[in-house]
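Residue indices begin at 1 and follow the sequence shown. Predicted model, so just to flag it, every value in this text is computed and none were measured.
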Amino acid sequence: MMGRNSCDRWTDTIHSKYWNPLLIVTVVTLIYGCQKSQFPATSARNDSESAKVTASTQTVSSPANKINFVDITESAGVLWVGRNGEESGHFSILETFGAGCAIEDYDRDDKLDLFFAGGGKFGQNETILPVPMALYRQIFDWKFVLVTEAAKLHPIQHYHHGTWTVDFDEDGFPDLLLTGWNGLQLFHNQGDGTFADVTNQSGFLDPLWSVAAGWGDFNRDQVLDLFVGHYVDWSFQNNPTCIDSKTELRNPCDPNQFHGLPCTVYLGNGDGTFRDASTELGVHEIGKALGVVIVDLNLDGQSDIYVANDAVPNQLYLSQPSGNYKEVGIECGVALGESGSSDASMGVDVADLDGDGKLDLWVANYEDQTFALYRNLGNDAFTHASRSMGITAVGAFAVGFGTVIFDADGDGYSDIFCANGHVWAPHPTPDRRQFPYLFLNDRGKRFRNIAPQVAGYLSQRHLGRGAAVGDLDGNGTPDLVVTHTNEPVAILRNTTHIANWISIRLIGRTSPRSAIGARVTIRAGGREQIGIVKGGASYLSTSDRTIYFGLGQATSVDSITVDWPSGQTTVLKQMASNQRLTLIEAND
């Protein structure tokens, strides 16, 4: 473990490829490096059992079935504000998008840590400058310390937005990619608590304005690749003055004033370097990308790419038998809004929201537009189901950004959180802060926004941007991290009483180590649930890739089936609830 005076190692539980209760579970110790830790010893939770199956013993005081989140940001020691530089008075569209976050155990001590993008500011003569980012290490439950300088996450090269974590070189330690204006920046995790900037060596020499990004395997070689969604051609040489007709106030111009940019797919070469293969794969459409999610939507075993664009049609790139991709957003019914025109889309996520075993798409949109729930009908067809599923009942007042799908109350049905906040002074009030949404899933039939009834953060206005989800204290209740523009981030502890749960973390061996593209199906309490390991999603932010299942009143899981990206299958039978599983793919 990090924090010990020994080689860095981590014990994982491996189950055989096909398992039954009579087989003995094999436990092995994998050594991920032997560099002496630079960190002081701490009272780490469950250090000796760090990646074994564990059961939560923590109790909470909230009454059953009542969802509750407590803002513990200050007591946790997290004091961070993302900046956009608006005090300079340029009214640029660059200022509107904010900075995101990532939840990741970067030092592999079995405690989730927090990355925050810093954003940017403006200097003299219209220079565009970065603001430093932040890394908060969790030293024990709900206590974090700022370790950015010690981790050598500097200097930041660009006004940056997105924080995208993944172990791109398969060495056991997660790395960090930053997206932003005029470039990418890739930090390689050295395994000793520090990072090194390897942008130039990696081949990510990308001069365009990037916001969205998603890791995945696009050419089926079991090596991670990267999708980068670019936005528009704004610069100070292309920064028109725009006046809002309702308020008569100057505001940043809307995206229709600018030309969109093509996305880029970088294929991994397997040696830590990447090459631009956008044309080769057929992923080169012009867009104004703000969100992307990488997932196998049609269950053909290959990753697909869904892109949320700003004020132009959203795009769906489906993998083809030939190995390339075809853009089919219009044909599949996921490109346009409820009215049949383009929405201004930001955050995006994917899950089986109605419990039919098919993955549905969720998109957070601009005000006067319905947030979009595209229900998967099968055979690459979707229908806009926001009205029938109760989403439109909230009205069309919010501008949605970071959004995550997770089971907030543990009933076995996925709920939806969305961070909202305007991008300029709206009519009739100049207050850009807005209320967040928490849509509670009523057994896959309808959703209702319960945020106004939840005390604290969820019933307050914020200038919301990024959002990520992860079980920060390992007790089976997924927690939230939310970023805002020019106001402190929020760490929201989920104190909801969840009766039964199980979480599953996957480690690929033949598949990429991150297991992006894997699908987990569990059967418990008389019904099936599916979970996925996805790339991208939300807005500017990376959630913990552990898959959490609420089990309701089921005290055990009848079966767990893992379909790995490599094509392998792992099957487990009769597992107890209320435990954390780490499953390692068998060598093929």
Kindly determine whether Y231 and F97 satisfy ring-ring contact (aromatic ring centres under 6.0 Å, His included), including the steps that lead there. CA-CA 11 Å; Y231 189 52; F97 293 114; 4.8 Å; yes
Is the number of heavy atoms from other residues, nucleotides or ligands within 6.0 Å of CG (D431) greater than 12? yes
Which one of D473, D471, D110, D544 satisfies the salt bridge (charged side-chain N to carboxylate O under 4.0 Å, His left out) criterion with R580? D110
Whether N420 side chain and F435 backbone form a donor-acceptor pair below 3.5 Å: yes
With L458, which of L438, I450, N449 fulfils side-chain contact (heavy atoms from CB on, under 4.5 Å)? L438
Results of side chain to side chain donor-acceptor pair (under 3.5 Å) for R448 - residues two or more places apart only: none
Given 3.5 Å as the limit, does a donor-acceptor pair link the side chain of D407 with the main chain of G410, or not? yes
Passes ring-ring contact (aromatic ring centres under 6.0 Å, His included), Y457 versus H462? Steps please. CA-CA 9 Å; Y457 178 94; H462 306 276; 3.8 Å; yes
Kindly state each residue pair satisfying side-chain hydrogen bond (donor to acceptor under 3.5 Å, both in side chains) with at least one member in residues 331-340, sequence neighbours excluded. E338-T370, E338-R387, S339-S341
Is there side-chain contact between N486 and N84, with heavy atoms separated by less than 4.5 Å? yes
D354/R375 salt bridge by N-O under 4.0 Å criterion: yes
Is there side-chain contact between Y413 and L353, with at least one heavy-atom pair below 4.5 Å? no
Residue pairs involving residues 288-299 (criterion side-chain hydrogen bond (donor to acceptor under 3.5 Å, both in side chains); sequence neighbours excluded): N298-D380
Under 4.0 Å between a side-chain nitrogen and a carboxylate oxygen: does that hold for R513 and D167? yes
